[in-house]
Amino acid sequence: MATKAGFAKKSVSAVITFVMAFAVLTAFNTSASANTAVAGAKCTNLKEQEYVNNTVLICKATKKGKRVWKKYFKGGSGKTVTIGIGSLPPSLEAYAASAPPRSFIVGAIYSALTRVDLSTGTPIVKPNVADSWSQEGNSKTWVFNLIQGKTFPNGEPVNATAVKASLEWVLNPANRAGLRAKISEITRIEVMSEYKVKITTSAPRYLLPRALGTVPILPPKEFAAKGAAAFWRAPVGTGPFVATSFTPNVELVLEPNPSSLRVVPAATKIVFKVIPEDASRMSGLRSGGLDVVNKVPTDDIASLRRSFAVNSIIEPATYHMSIMAKSGPLADKRVRQALNFAVDKQALIDRVNSGLGSIAQAQLVPSNLTGYCREVTAYPYDMKKANDLMKQAGVSNLKLTFQTSTAYITNDVLMAQAIAQMIERLDAVDKVEVEVLEFSKFLDVYYLRGAIPRKDLFAWRMSSSPDLDAGVQMARYTTNYSTHNIGHSDPRYDELIAKASSLSTRSPARTRAFCEAGKILKENAPILWGIHTPDIWAGKKATKRFFIDAGGNIDLVSIGN
Amino acid sequence: MLRVLGSRALQLILVVLGISTLLFFLVRVSGDPALAVAGSEATTEDIEIIRESLGLNRSIFEQYFAFLIKLATLNFGDSYIYLQPSMPLILEALPSTLYLSFVAFALAMLVAIPAGIFAAVKRRNASGRFILSMSMLGQSIPPFIIGIFMILVFSVWLQWLPSFGNEQPTSIIMPAIALSAVLMARHTRLVRAYFIEEMNRGYVRTGKSLGFNNRRIRFKHILRNISVPMLSLIGIDLGKFVGGAVIIEAVFAWPGIGSLMVNAVKARDYPMLEAGVFTVAVMVVLVNLIVDLLYQFVDPRLRAKVN
Amino acid sequence: MSQRMSAFSFFVGAKSDALPKGPGRKKWFRQAGPISLAFLGAAALLSFGANLWVPQDPTYQDLLYRLVPPFEIGEGVSYLLGTDQLGRDVFSRLVHGGKVSFAVGLATATLAMLIGGFLGLIAAYFRGWQEAVILRVVDIQTAFPFLIVAIAIVSIVGAGVNTIIFTLVIWLWTPFARLAHAKSLSVKESEFYRAAISSGRSGFGLVFQHIVPNITGAMMVVWTFVVAQTIIAESSMSYLGLGVPLSTPTWGSMLSEGRNYLETAWWIATFPAVAIMLTVLCVNVFGDWLSDRLDPQTKEI
């Protein structure tokens with residue numbers, strides 16, 4: 001009886017879990033592929049926000065518990081906000097990249113077809129230049145209905161022609177737009193009417209509306225007349241802000257854009273100050289010159305918390321080390337696994353990162369991203385097992401080199417030194433030399449191109465913002481991936497990754513494929529998994545609505561209200 | 001006069017050519033700028049396209065020839081990373097650096113000359129020796145250490161002065177002090193040493209025996225005489241200053257030419273680097289030229305020689 | 001440009017009182033040189049012998065004991081000057097870090113003196129085109145910001161003690177060349193040199209017997225000041241991340257790592273800062289003292 005009851009309980013809870021998981025997954029993806037996504041509709045998450053008629057709406061629970069939109073503020077009512085930032089992109093180029101800090105600029109001064117709202121932790125695709133969109137028949141075709149009656153600041157209309165011209169420019173390889181890879185499946189863009197565009201892809205691409213959220217739409221005539229380089233110097237866009245002054249490496253001043261498509265921001269002025277040195281940036285905050293700073297060193301948090309607001313998120317990335325396994329002892333799977341057992345990830349979080357961040361399961365993305373697999377767990381910290389594995393592999397007197405970036409990832413140099421020391425504690429390891437690479441050198445090594453060869457351990461992480469999906473990262477470990485050839489090769493893995501990328505993020509088959517691939521990756525251990533690093537911001541307590549989304553972007557629209 | 005100008009022009013060309021050539025080869029050996037341009041999301045094909053469009057797949061001698069043409073026409077091309085003409089970017093940052101350098105320099109001189117004279121006149125008193133010791137101490141502290149501790153005290157603890165950038169009129173105070181400390185100390189000692197030496201000279205004793213008062217001797221004759229060697233030192237130091245504020249600019253996030261050039265080297269932004277090197281070299285030579293002219297103005301003997 | 005001032009005063013600006021010493025100079029002041037030298041000697045000995053007497057490994061990390069304040073006695077562990085951000089003993093790092101500072105200082109100054117002195121001698125001995133070329137190169141180099149070149153070199157060769165020494169020698173040979181050149185010229189005009197030539201001597205024998213001994217004193221004085229400059233330059237390079245690899249503790253890298261902790265853990269940056277200051281101060285005081293004795297008339301060249 002008891003077992004029967006237990007079984008019933010289990011099955012009921014299993015069913016509930018399944019239904020809930022399905023409901024959640026569906027909810028997340030409805031807007032990505034939904035037939036309509038009209039502003040003002042019911043919101044799905046408490047932090048979510050919507051831009052309608054110069055007003056920011058945020059999702060609030062009513063007394064009855066129903067979630068409805070609440071008016072949050074009207075534009076232009078706030079103050080000047082000064083933000084101290086570690087680095088800013090060197091130009092106002094719209095098509096170079098989509099991750100922070102580039103996304104701060106692109107999201108502020110340009111509008112794309114859609115807007116990917118990351119405020120809730122999962123991407124929700126919102127209307128922007130497009131009011132609504134739907135998928136047609138063969139699932140390779142999308143139709144976007146555009147916002148009507150809006151113009152660019154120079155008077156050109158925001159219409160289907162502009163969309164077509166912008167996307168085609170990005171797709172042209174000769175223009176070497178960094179974002180081309182994101183939408184390279186697009187084969188055709190058709191203007192159906194003034195405010196209707198049809199986009200066809202070579203294969204079903206379920207994340208297309210998400211991807212299009214990173215590709216701004218620009219006024220075609222001015223862009224063509226000026227040429228790209230000149231246009232980036234004095235860009236014209238329909239984002240919430242206009243860049244009124246930009247001095248590379250020094251500062252960027254943003255002011256509300258009268259031609260903003262959907263909202264006027266709260267602040268009257270936002271100033272980004274570039275202050276590369278951590279200590280200088282922190283003293284800027286402490287001495288009152290800055291309202292908000294990013295890249296807060298973890299060891300400053302305790303003292304900052306007393307008088308400042310600290311905002312931290314887990315970066316949508318995994319700090320990990322690729323293991324160069326083409327030859328030598330590291331070509332032995334057991335040695336690589338032993339390294340994984342030897343790293344105490346909890347200690348990295350507690351003692352190096354002041355308790356921030358989270359342990360990376362043996363995967364390339366944190367758990368809130370699509371493509372994450374619950375079944376693949378981290379290697380536990382187990383020195384005995386690690387030593388045993390090394391012994392089995394017959395390895396001794398191992399000397400390793402650990403390459404790390406500097407001031408690129410939170411605490412990168414600190415973590416490299418700590419991990420090196422942890423590995424040195426293995427019986428079979430003599431010495432782990434830490435090699436610190438300046439950013440341009442780091443890129444050389446990353447691309448396997450420079451004079452410095454890729455050494456045994458190479459620490460890096462890549463942000464999945466704003467896709468918040470594991471696909472791109474997982475692809476780096478397929479056989480002979482062009483810029484990441486470290487000797488890992490598993491035909492089954494390649495097959496699974498290829499399969500997964502053709503499937504909808506909603507589809508359970510995709511998750512299953514990623515799961516299986518993840519298990520193979522864990523077993524083969526071409527990677528020494530680390531942690532999910534924190535991205536930490538701090539601001540004056542008086543700075544209103546200082547908020548960081550899951551992609552590591554600061555909410556510029558509502559800050560300073 | 002013309003001869004001086006002529007030799008200076010020649011020196012300018014030599015300095016610019018020498019330094020630019022050195023850096024041209026140094027930086028090109030250091031790695032591939034296409035990677036820095038491409039960023040971390042590019043594919044191998046993208047990088048190839050970039051290399052081609054930047055002319056990086058041509059031979060190094062072809063590139064050097066193109067570089068010489070750029071140097072001759074003063075058109076260094078667009079910066080790889082800022083996508084803007086590099087020369088205007090440098091010229092935009094230059095006033096900041098000059099401002100910092102000149103304020104620091106003026107500060108150093110305003111303190112060093114009186115302090116040095118005082119220390120020389122009172123060299124046997126405790127006050128004179130105190131100044132000497134302080135200047136010894138000042139010469140022994142790296143400028144960036146002064147900078148970081150000043151930020152801690154005056155920005156973070158007392159919140160009197162801004163810790164970064166160049167916005168408020170008070171922004172200049174700490175960077176200028178940090179930058180000038182070493183120079184101040186050095187020139188205090190120099191002024192003191194020259195002054196003491198001159199005081200032991202025959203003309204001073206003669207002057208005294210003729211009944212000129214001390215003040216007149218000190219401030220008219222001695223000062224005039226020591227200004228000759230001082231000026232030449234000032235020329236060299238000022239030259240170093242223009243490009244030497246790199247560390248101070250980093251510590252105070254000062255928007256100058258130094259940080260621009262450091263970034264250019266790190267990112268292998270050749271056009272930027274070449275424009276920057278050219279500008280700094282011109283500044284240095286110009287400063288030296290001015291000093292040369294002043295030098296002749298101060299020392300009539302030299303004027304006679306040249307004419 | 002090169003002849004119109006003494007290389008010495010140009011470079012260090014530390015010329016002190018001309019002799020003779022007045023009665024106002026207190027005894028202790030006159031002893032400052034030897035005292036400084038004794039201090040430096042002791043510090044250098046303790047640093048180079050660090051392996052023999054410092055109990056803690058300077059690279060040993062204990063993440064359990066991060067950022068322990070100085071003079072605090074833990075359970076069974078005590079850290080005299082506290083620990084840094086990785087739980088390494090600041091005191092051990094300070095003592096071991098001195099090795100790099102001293103080694104770089106001594107090696108750079110000596111190499112620069114040999115190279116610069118040699119080139120200066122050549123310039124003065126041959127006059128002609130050799131002199132023109134060497135002095136022109138000296139001028140060019142003096143005119144250019146060293147750190148930009150240093151960054152370029154480090155980004156090619158990679159960081160390391162040898163790179164630092166190499167870079168600094170490239171930068172610092174010029175004052176020696178200027179000085180050797182100017183001094184040799186004045187020696188060449190002296191009576192005894194003419195006498196030596198008229199007695200049939202020539203070539204390198206002449207240079208080594210008559211010129212070299214006469215410029216050694218001044219060179220030694222500049223040498224000490226270059227040691228001081230080098231220690232400062234090394235710490236500046238380490239501060240900008242152009243220094244030695246992380247596994248080797250140095251004062252400059254301790255400072256740059258500790259800078260982020262000034263608010264929360266003042267001891268990490270403060271102790272190396274004091275160490276740099278004290279060392280450079282002692283070198284300068286000693287150099288000053290030395291110049292009074294070896295080369296009182298340098299300025300009259």
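Letters A, B, ... are given to chains in the order of the sequence lines, protein chains preceding strands, and every chain is numbered from 1. Computed from a predicted model, the values in this text were never measured in an experiment.
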key: Shortest non-hydrogen contact between A/Gln421 and C/Tyr60, atoms and distance   = NE2-CA, 4.0 Å

query = For A/Met415, is it the side chain, the backbone, both, or neither that has a heavy atom closer than 4.5 Å to a heavy atom of chain C?
reply = neither

ask   = So, C/Arg66 and A/Asp299, do they make that salt bridge, N to O below 4.0 Å?
value = yes

query = Taking atom CZ of C/Phe166 as the centre, does the number of heavy atoms from other residues, nucleotides or ligands within less than 6.0 Å exceed 12?
reply = no

task = Identify which of A/Met282, A/Glu277, A/Glu433 forms the greatest number of heavy-atom pairs closer than 4.5 Å to chain C.
result = A/Glu277

ask   = C/Asn260 side chain to A/Ala279 main-chain N or O, any donor-acceptor pair under 3.5 Å?
value = yes

remark   = Okay, A/Thr406 and chain C: the region with an atom under 4.5 Å from a heavy atom over there is neither

ask   = Which answer fits A/Arg281, side chain, backbone, both or neither, if we ask what part of it has an atom under 4.5 Å from a heavy atom of chain C?
value = neither

request  = Would you mind checking which part of C/Leu67 comes under 4.5 Å of any heavy atom in chain A, side chain (CB onward), backbone (N, CA, C, O), both or neither?
outcome  = side chain

Flag side-chain contact, heavy atom, 4.5 Å: A/Gln417 against C/Arg88 = yes

message = Within the supplied structure, the quantity of interest is the number of heavy atoms (other residues, nucleotides, ligands) at a distance under 6.0 Å from A/Lys385 NZ; does it exceed 12?
response = no

inquiry  = Is it the case that atom NZ in A/Lys384 sees more than 12 heavy atoms from other parts of the structure closer than 6.0 Å?
reply    = no

remark   = Under 4.5 Å to a heavy atom of chain A? For C/Tyr261 that would be side chain

request  = Look up atom CG in A/Leu414 and atom CG in C/Asp84, then write down how far apart they are to the nearest 0.5 Å.
outcome  = 8.5 Å

